[in-house]
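Single-structure report; data block below.
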Amino acid sequence: MPDFIHAYDRMLLIRRFEEAVEQLFAEGRIMGTAHTCIGQEATAVGVAAALKPCDAITSTHRGHGHFLARGADPGRLLAELFGRANGYSRGRGGSQMMMDPSIGFYGTNGITGASVAFAAGLALQSRMTRGERVVVAFFGDGASSQGVLHETLNLASLWRLPLIALCEANGYAMSTPQAVGVSVASVADRGAAYGIPGVSVDGNDFEAVHDTVADLAARARRGEGPALLECRTYRLSGHSRGDRREYRTREEEADAWQREPIGRLAGRLREEGLLDDAGLAEHEAAAAARVAEAIAFAEASPEPDLATIAEGVFA
Amino acid sequence: MPDFIHAYDRMLLIRRFEEAVEQLFAEGRIMGTAHTCIGQEATAVGVAAALKPCDAITSTHRGHGHFLARGADPGRLLAELFGRANGYSRGRGGSQMMMDPSIGFYGTNGITGASVAFAAGLALQSRMTRGERVVVAFFGDGASSQGVLHETLNLASLWRLPLIALCEANGYAMSTPQAVGVSVASVADRGAAYGIPGVSVDGNDFEAVHDTVADLAARARRGEGPALLECRTYRLSGHSRGDRREYRTREEEADAWQREPIGRLAGRLREEGLLDDAGLAEHEAAAAARVAEAIAFAEASPEPDLATIAEGVFA
Amino acid sequence: MSQSTTAQIIRETLAAELRRDPRLFLMGEDIGAYGGSFGVTRGLLAEFGDQRIRNTPISESGFVGTAIGAAVAGMRPVVEIMFMDFITQAVDQLVNMAAKLHYVYGLNCPLVIRTAMGAGRSYGATHSQCLERLYFGVPGIKIVAPASGADFAALLQGAIADPNPVLFLEHKLLYPLRWEMPETPPEPVAPGSARIARAGTDVTIIGWSWMAFEAERAGASLADKEVEAEVIDLRSLAPLDMATLLASAGKTRRVLIVEEGPRTGGVAAEIAAQIAEQLPDGLDFPVQRLAMPDCPVPSARTMEAALMPNAATIAAAALDLATRV
Amino acid sequence: MSQSTTAQIIRETLAAELRRDPRLFLMGEDIGAYGGSFGVTRGLLAEFGDQRIRNTPISESGFVGTAIGAAVAGMRPVVEIMFMDFITQAVDQLVNMAAKLHYVYGLNCPLVIRTAMGAGRSYGATHSQCLERLYFGVPGIKIVAPASGADFAALLQGAIADPNPVLFLEHKLLYPLRWEMPETPPEPVAPGSARIARAGTDVTIIGWSWMAFEAERAGASLADKEVEAEVIDLRSLAPLDMATLLASAGKTRRVLIVEEGPRTGGVAAEIAAQIAEQLPDGLDFPVQRLAMPDCPVPSARTMEAALMPNAATIAAAALDLATRV
Ligand SMILES: Cc1ncc(C[n+]2csc(CCOP(=O)(O)OP(=O)(O)O)c2C)c(N)n1
Ligand SMILES: Cc1ncc(C[n+]2csc(CCOP(=O)(O)OP(=O)(O)O)c2C)c(N)n1
Ligand SMILES: [Mg+2]
Ligand SMILES: [Mg+2]
């Protein structure tokens, strides 16, 4: 059984972190762009909980949650958003280009869908070296329309790569409802197009995500090849900064808030007697403190050295 | 019922034409490259017989048959292979870049898979102008791995385009057997990934191809959207010039010759009493004569004017 | 006269063209209800409906290919690629298909691809590039990149009227800028002509898009230093208006080309090479280039700002060139 | 010494590297039983098996992306793109991913992409292009394009040893050429150095790949006319070996650059611009470019031949430049 309390901590950390990011943008303290994942925490944390340290993840433009779930330092992550020298990419990457191979996190990615092919390459290395590593490649419902997804799933199936292509079906690609951008009811139905399992789970249910990923990872580790997993969730945040959310109603959002994953997991913790209200509040406070610390760290971080901007293009 | 005799004529013309092309290459009388479609004539002719004059076809690198089936002038086609001024592309295109919009033939294409998106554009025009036109986009089993196929089928389904994506599953992509390059038993199974019909027919059966395409075209004309059709056939020719065919056995080929479409249609014509042996021989002779004429025409054609090579880049 | 932002000018030009020509339609990601990432098409859905303002799936290769087919079939597609960085996914369709249709088949392909280029918003290395160089050396594709309000209207009309594939480049930093616009829209300007943004005699500064805008500011600032810079807004990268460039270069004998993008392998190199070839004895000094170093665009605001040429660095480079002996 | 074709030299170099480094593997369409479209990998499947000689589906974007991931994970993929024209489908993966990995993340990406470039075989506009210009202006990608047997061996080893993405360009017309090769293979040559193919004093001719080969022939033919041409085989397009080019240009004071590819927007423009910038008073005449006109490559043999620079047209242009007063 996965560690529910740890999962709860991580989900809270992600939620508080993303709220802070939105706040910092609103206050003009950070620049550029970011896509927050409020409402999708259970998927990120469910995946992370199901993987081994040797495993790898590739992420998307909406990747803070994936990264934090996998164990990123919130301070360095935020320092990257502040464009500082000790951010994960030394201020060179920003929200959509952050990576830490030492924890098996192979990058957020600003090119919708593109990282899935990269993930297949990580999986190919694992297979060719008879490694234990399984790779989870996150992508969105919108990204599922990208040709590179098709090319990669076909190739991964033929080569039996230990790859889980994981679609976070959060209802929208920017403003485009899934039904307008995806020609099939569930992205999981496309598994059949590649002769691989296509599975769909409630992405707001931490345990369901965990269990499904654990199963598919075990299968991949046995050499039985890739799978396509759809996690159904909802993006409660706007797409990115400045999204007026005119493409959906406030009622729909309120409804979705009823199903958001953190409250749900809290209920579960209470039911199982793992945490009472006081315990929950303690964890709440700890997450908030961790984020406050991260902001302080990021703001105190040095600016990048402008003299070296052009350096490091080649190894 | 389709016109069997006319179909037989066209299939014979294609076969003799392709044999001539191989011969001309072997003799060094034409340069460059070409991909012949010996064994696949029933698909090309079945499609052409099912379409209306207003309809459109896009083709592939292996497109002589599609073009001839649609009514191309064999002389101008061959003149293009000879690089002459009155070839279909004035010597600028060669085998993989020939077009004649006046007969609804929108081009052979050297970029595997790419023309299917172009075909969707023709279909979009038809839909937006409430035209009657249906578009058939040929592609190969190998091309089915291309991302642009996925992107186009998804889009065509969402936009209900009058498009028939037609896979000529001829067993190989160059040297790669279908099972090595395509992760699903039948490309038609991928229709489900786009919520569109996926149909598979014997591509060596002229009538089956004709009837299926006629049905799917009628459906598309009614505004019910695209379909994915697999025509199972076999490439009896080598992939292109210089193919040693080491990736398959002569036995397999001999076996496939048993199922080749022209003999099959001849049998049918005999059975139905449409043509007797003398009649068949007459049509044989006519096809051979037509190709001989085409060669003479092509060889007598003028060379392109070298002074104008760089002209016509822009309209 | 009225004040409009660049984004409004593009929108109004598109709206006018949509009203005028029933064959015209727009395609792109989130151009409908959202109005596109930069709000350019905001409101058009309400007027023209979803048949003519078509939200596409995220499939740059597929929908550009589709637009090419539609253009050949007689429509007038105007495609939005959200960020120019994503045009990397449509290279095959544009280079191997669109660019060759007229040469090989004699076919018209009246296609416009609008896209948002450039750095300056801290969007990072995959959302900040100037990738006109990918297409600049490909015969059969026209490229325009306006820098002023009037030109956005004039060149967009010209691009739409053109029977060839045209890339229409919109710099992110120009979108919010306000311009005085006449009540009647400017006449169309076809691809192929540069604009003298500022006449002068001492040094020629050539730029396009945001760099032309900055160059114009640089030129103004140099007047205080008694240097009369001639600033040329290239506007059209393909075809290049070499006549205008050569006339100016011949007059000032000193040329500075400014490019947002890595120094090596850009458009400036071609212009420099052509000027040198065609004015063998006409220059006091070799053509100078001011560009970004050969590295990706980092996301941090500080680094990004340090990389991009701007009015001050352009003025300094132009002053140096103009006063060199 | 033994005689080998270019295709054999590439094959043997690949085989030696495959034997030496277990991390190395090949990927590409039909590279197994078929040996690739040009037979370069023929026979390797038998020795190395299908785990290391991996036939891919027709998915240039997907398999290049996969190779990038494998390279980052510690493998040494050598990818074959059958014709350079198809590299248009991998632009996104190479430009937005591979090229930025070291700058942003400090990651090595030891990836080699081999591809067959160029015209001369009547393959038509989508199978004959020289598209190095698509990548030449993109920081983070190295490009090499050898022209001699020894260099194919030396530069391929150098490309494989390089921790960065390297495009390795093989001209179709070079494949069948035979070269005297020493029994022990040449030492690796890293990207970044040009080769003086022929020393001379009167005029510098710069080319790469097939054009370097033709330039060398042109240089030899000029000796009969008492013109000593210095012929430089560029070999490496990125990085450029400007030191060698400038030294030669400074010596001969007359430079001709030959490029197979449309004149506008090519690699020659950059070289011309840099030579002009860096030798302000060092040339007797502006750098000259000999290239193809700005049009696609037609398929007819007659037209294709008329378009491509060759030893005779190079010699004529060099003679004109060398004897100009
Ligand atoms: C190739 C490419 N095209 C378009 C975009 C712009 N874009 C960024 S995120 C996004 C929507 C992605 O939707 P989805 O995959 O569902 O992920 P979500 O945002 O819902 O997490 C779009 C269109 C991009 N970054 N890359
Ligand atoms: C983008 C691209 N990649 C690779 C090729 C090289 N190529 C030409 S035909 C072919 C095989 C195509 O197989 P299939 O689609 O099954 O068609 P078939 O040849 O069997 O008719 C390949 C790999 C190409 N022309 N374009
Ligand atoms: Mg989504
Ligand atoms: Mg096939």
Side-chain angles (χ1 to χ4, degrees), chain C residues 60-61 85-97 99-100 103-104 124-126 129 131 133-140 237-240 257 261-280 283 285-289 292-296 298-299, chain D residues 60-61 85-97 99-100 103-104 124-126 129 131 133-140 237-240 257 261-280 283 285-289 292-296 298-299:
Chain C
E60 281 81 2
S61 169
D85 312 71
F86 315 152
I87 209 170
T88 51
Q89 306 207 341
V91 175
D92 180 58
Q93 291 289 339
L94 290 169
V95 169
N96 284 324
M97 185 68 104
K100 294 172 172 50
Y103 181 77
V104 176
T126 58
Q129 294 166 95
L131 292 176
R133 60 188 61 196
L134 291 183
Y135 295 98
F136 176 65
V138 178
L237 281 61
L240 278 174
I257 313 174
R263 181 182 186 84
T264 302
V267 175
E270 177 65 34
I271 300 171
Q274 286 200 35
I275 292 175
E277 280 160 4
Q278 295 180 45
L279 291 179
L283 298 181
F285 299 99
V287 176
Q288 303 291 305
R289 293 182 289 166
M292 314 229 288
D294 288 333
C295 68
S299 56
Chain D
E60 283 80 3
S61 168
D85 312 72
F86 313 154
I87 209 169
T88 51
Q89 306 207 342
V91 176
D92 180 57
Q93 291 289 338
L94 289 170
V95 169
N96 284 324
M97 185 68 105
K100 294 172 172 51
Y103 181 77
V104 176
T126 58
Q129 295 167 94
L131 292 177
R133 60 189 62 196
L134 291 183
Y135 294 98
F136 176 66
V138 179
L237 281 60
L240 278 174
I257 314 174
R263 180 181 187 84
T264 302
V267 175
E270 177 65 35
I271 300 171
Q274 285 200 36
I275 292 176
E277 280 160 2
Q278 294 180 46
L279 290 178
L283 299 179
F285 299 99
V287 176
Q288 302 291 306
R289 293 182 289 166
M292 314 228 287
D294 288 331
C295 68
S299 56

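Letters go in sequence order (proteins before strands), and every chain restarts at 1.
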Atom CD1 of C/Ile87 and atom CG of D/Asp92: how far apart are they, to the nearest 0.5 Å?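 C/Ile87 CD1 to D/Asp92 CG: 12.0 Å, rounded to 0.5 Å.
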Spatial distance of atom CZ (D/Phe136) from atom CG (C/Leu134) [nearest 0.5 Å]: 13.5 Å
Select one option (side chain, backbone, both, neither) describing which atoms of [X] are under 4.5 Å from chain C's heavy atoms.
X        : value
D/Glu60  : neither
D/Ala272 : side chain
D/Tyr103 : side chain
D/Pro262 : side chain

Residues two or more places apart in sequence or in another chain: which of them pass salt bridge (charged side-chain N to carboxylate O under 4.0 Å, His left out) with D/Arg133? D/Glu259
Run the salt bridge (charged side-chain N to carboxylate O under 4.0 Å, His left out) test against D/Glu270 and tell me which residues pass, sequence neighbours left out.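 Here the qualifying residues are C/Arg289.
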Based on non-hydrogen pairs under 4.5 Å, which of C/Leu237, C/Leu94, C/Ile275, C/Asp294 is most in contact with chain D?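 Result: the option with the highest number of such pairs is C/Asp294.
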With a 4.5 Å cut-off on heavy-atom pairs, point out which of C/Gln288, C/Gln274, C/Gln129 contacts chain D the most. C/Gln129
For D/Pro296 versus C/Lys100, what's the shortest heavy-atom pair and its separation?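 Minimum heavy-atom contact is CG-CG, 4.0 Å.
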Max heavy-atom pair count under 4.5 Å with chain C, selected residue of D/Met97, D/Gln93, D/Gln278, D/Arg263: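 If we count pairs closer than 4.5 Å to chain C, D/Arg263 comes out on top.
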Between C/Asp85 and D/Asn96 (side chain of the first, backbone of the second, donor and acceptor by atom type, cut-off under 3.5 Å), is there such a pair?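 Side chain of C/Asp85 to backbone of D/Asn96, a donor-acceptor pair under 3.5 Å: no, none is there.
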